[in-house]
There are 2 protein chains.
Amino acid sequence: MSPSAVTINDVARAAGVSKSLVSLTLNDRPGVKSETRERILQTAKELGWTPNPGARGLTTRRAYALGLVLRREPRTIEVDPFFAAFIAGVETVLSERGNVLVLTVVPDAAAEERAYARLAADKRVDGFLLTDLLAEDARIPLIERLGSFAVSLGAPPGGSPFPVISRDYDSGIDELVAHLVGLGHHRIAHVSGDERMLHGLRRRERFEEAARAAGLEPVVVPTDFSPEQGASATAALLDGEDRPTAIVYGNDPMAIAGMGVAHERGLDLPGELSVTGLDGSHIGSFVYPSLTTLDNDPAGFGLAAATALLRLVEDGEAADVALPPARLVVRASTAPPAR
Amino acid sequence: MSPSAVTINDVARAAGVSKSLVSLTLNDRPGVKSETRERILQTAKELGWTPNPGARGLTTRRAYALGLVLRREPRTIEVDPFFAAFIAGVETVLSERGNVLVLTVVPDAAAEERAYARLAADKRVDGFLLTDLLAEDARIPLIERLGSFAVSLGAPPGGSPFPVISRDYDSGIDELVAHLVGLGHHRIAHVSGDERMLHGLRRRERFEEAARAAGLEPVVVPTDFSPEQGASATAALLDGEDRPTAIVYGNDPMAIAGMGVAHERGLDLPGELSVTGLDGSHIGSFVYPSLTTLDNDPAGFGLAAATALLRLVEDGEAADVALPPARLVVRASTAPPAR
DNA sequence: TTGAAAGCGGTACCAA
DNA sequence: TTGGTACCGCTTTCAA
């Protein structure tokens with residue numbers, strides 16, 4: 001009934017050979033006469049047989065699966081625009097290699113640790129994709145201790161035993177600041193994301209460097225990357241003295257929330273306030289004014305990360321990957337300051 | 001090294017019993033003296049043993065995993081705000097029962113069918129969570145044919161052999177229309193979502209009924225649920241004659257895009273145009289004006305769906321579930337028409 | 001180049 | 001209440 005009732009034995013019998021030969025053939029191993037090999041491949045296809053990963057893993061000690069554990073506040077669980085495309089990128093690699101993605105969403109650090117430990121111990125996955133990297137990320141030593149593998153999006157400052165997939169965002173931030181300065185802005189603020197996160201911190205640092213290099217005194221309001229805090233940071237900036245004429249937000253959702261606050265106060269955007277996001281999202285092109293931002297390539301990240309991780313799992317080693325640098329996407333939310 | 005090097009044999013040896021007893025104990029089966037049972041449980045805990053799902057599944061014919069296949073246009077892959085919380089809800093159920101979620105994102109119908117077939121044939125999952133239900137959804141007969149299980153979010157009109165998780169949205173739409181009518185709106189339009197999708201169609205139908213019941217002539221512009229089409233539908237409505245004073249969008253992202261278009265045309269919101277979303281998203285409270293919408297409970301859906309599906313897989317049957325009705329969330333984007 | 005048999009980590013049946 | 005053993009589907013020696 002269930003189409004997969006067919007096993008290696010069925011194939012062996014139908015092809016008139018032993019299980020061993022079927023196994024050797026399927027795994028592209030030498031030592032099978034090419035006629036036999038053809039016949040086996042043929043009948044396997046006819047029967048629609050595909051090896052059972054569970055049974056296979058019992059001897060190969062593989063799960064043929066990769067894990068992604070997302071930690072998100074239950075209060076405001078809503079995943080960044082980044083992830084759908086990231087997962088789709090991962091998927092393109094996995095599906096053509098018979099692997100699968102195991103996704104887990106956890107509410108806090110304790111549950112997170114349990115999730116990694118459980119997935120590794122039960123051999124549910126062969127390795128992990130590490131996103132939202134923290135400066136001192138406990139997951140890296142944890143995964144080492146668990147005897148599993150990983151790749152990280154971004155390079156941990158302390159170094160990592162695992163491959164790193166990175167993308168130059170610094171030059172994009174330079175460009176973005178130059179763009180604003182070129183428009184005539186002198187008071188530029190940055191509503192930064194969670195600075196315990198590597199990309200939040202790095203963006204903040206680079207923003208400050210770029211601003212100073214342009215002779216400006218950088219103003220930074222740190223947040224946790226949530227729209228809420230993006231909104232309150234904006235309110236603080238707009239209600240304070242020396243109101244900025246441009247605000248660079250750590251991500252698009254915060255920029256959108258910030259625009260809401262500015263509109264609420266009756267400001268004309270971008271005339272009285274220029275805003276930019278970061279990590280360009282789809283919805284960013286449809287708000288008013290449409291959002292200037294730095295693009296990102298979540299699918300590219302997913303593809304590179306999955307490829308490297310699979311390679312690490314299979315060959316025991318894999319190289320770091322550097323993706324093409326982020327690019328500036330100029331839309332309608334930035335303009336010369338009206339003054 | 002890897003903590004899970006410990007197997008049932010290790011536990012049996014350490015407890016001084018046979019594998020069989022360990023297995024019986026772990027599966028809460030009768031016929032084990034309670035002292036022995038205690039001793040086994042104790043040593044299992046000490047050794048940190050947890051049964052290997054792959055090996056287990058070999059005889060039980062279970063994967064101890066559920067599947068979620070998402071079909072998304074590669075062009076504009078960005079997943080609805082619904083999914084993160086939905087998955088988190090699923091997770092709460094799965095994690096405490098030693099199950100896991102396998103997530104797949106596919107670009108088109110062909111890949112989708114392959115994904116279901118593969119997941120089922122390879123016994124990677126015991127059943128599927130069906131979201132974004134279509135009016136005539138080919139996935140239901142497909143999954144039956146594959147000999148697997150499913151639960152669907154929403155009730156297929158043709159009926160379904162699988163449990164249905166549903167939530168009354170009709171009364172919410174009635175409330176929403178009544179809210180607008182109460183404010184004094186006479187020309188209310190609906191930018192509907194993809195009408196091949198069950199919830200898109202149902203919302204449209206109910207909107208029309210509610211409008212007619214209030215003595216209004218409903219205007220509907222169908223879309224595919226994307227912000228793009230939300231934007232272009234809005235442009236068409238605003239530029240046409242007999243411009244509506246209120247627009248009900250099929251989801252929040254379209255409403256946000258629509259507000260962008262209205263702002264771009266210099267309209268004052270909500271004075272000159274009231275707008276509402278549907279399926280309340282987090283970001284919707286931070287745009288300007290903050291979005292009136294109908295709430296949703298993605299986590300509740302996830303919890304109910306996973307519970308029912310697991311029950312179906314284990315007991316061969318599970319009842320339908322009706323979640324509490326959607327409620328109106330009135331925020332700042334709706335007001336009396338200025339005229 | 002091929003087949004037989006053992007073993008991976010469990011479950012299930014049967015006899016003790 | 002217990003232990004022995006066959007077996008799940010596949011990979012991997014090892015002999016033939």
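In what follows, every chain begins at residue 1, and chains take the letters A, B, ... in the order their sequences are listed.
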Q: Kindly calculate the angle separating the two end axes of the helix from C:dT1-D:dA16 to C:dA16-D:dT1, each obtained from five base pairs, and round it to 10 degrees.
A: 50°

Q | salt bridge (Lys or Arg N to Asp or Glu O under 4.0 Å) pairs, two or more places apart, involving residues 11-28 of chain A | A | A:Asp10-A:Arg13, A:Asp28-A:Arg37

Q) Can a side chain N or O of B:Trp49 be found less than 4.0 Å away from OP1 or OP2 on C:dG9? A) no

Q) Got a sec, which residues hit side chain to side chain contact (heavy atoms under 4.5 Å, CB included) with A:Pro107, two or more places apart in sequence or on another chain? A) A:Pro74, A:Ala111

Q | All side chain to side chain contact (heavy atoms under 4.5 Å, CB included) counterparts of A:Lys45, not counting sequence neighbours | A | none

(Q) By the ring pair (Phe, Tyr, Trp, His ring centres under 6.0 Å) test, which pairs, at least two apart or in different chains, include something from residues 112-136 of chain B? (A) B:Tyr116-B:Phe128

Q | A:Leu58: partners by side chain to side chain contact (heavy atoms under 4.5 Å, CB included), with sequence neighbours left out | A | B:Ala55, B:Leu58

(Q) With heavy atoms of chain B within less than 4.0 Å as the criterion, where does contact along DNA chain D begin and end? (A) D:dT1 to D:dG9

Show every donor-acceptor pair shorter than 3.5 Å between a side-chain atom in residues 88-96 of chain B and any protein atom, with sequence neighbours excluded, or say none if there are none.
unit_1, atom_1, unit_2, atom_2, d
B:Thr92, OG1, B:Gly89, O, 2.6
B:Ser95, OG, B:Glu91, O, 3.2

Q. For B:Asn27, which contact category applies under a 4.0 Å heavy-atom criterion: base, sugar-phosphate, or nothing?
A. sugar-phosphate

Close N or O pairs between protein and nucleotides 2-4 of chain C (under 3.5 Å):
unit_1, atom_1, unit_2, atom_2, d
C:dT2, OP1, A:Thr36, OG1, 2.9
C:dT2, OP2, A:Lys33, N, 3.0
C:dT2, OP2, A:Thr36, OG1, 3.1
C:dG3, OP2, A:Ser18, N, 2.9
C:dG3, OP2, A:Ser18, OG, 3.4
C:dA4, N6, A:Ser20, OG, 2.7

Q: Return the residues of residues 51-62 of chain B meeting this criterion: a heavy atom under 4.0 Å from some atom of DNA chain C. Order them by number, or give none.
A: B:Pro51, B:Asn52, B:Ala55, B:Arg56, B:Leu58, B:Thr59, B:Thr60

**Q.** Residue pairs passing the side-chain hydrogen bond (donor to acceptor under 3.5 Å, both in side chains) test where at least one lies in residues 303-316 of chain B, sequence neighbours excluded
**A.** B:Arg62-B:Glu314, B:Arg97-B:Glu314

(Q) Is it the case that over 12 heavy atoms from other parts of the model lie below 6.0 angstrom from the CZ atom of B:Arg39? (A) yes

Q: Identify, with sequence neighbours excluded, every residue that meets ring-ring contact (aromatic ring centres under 6.0 Å, His included) alongside B:Phe149.
A: none

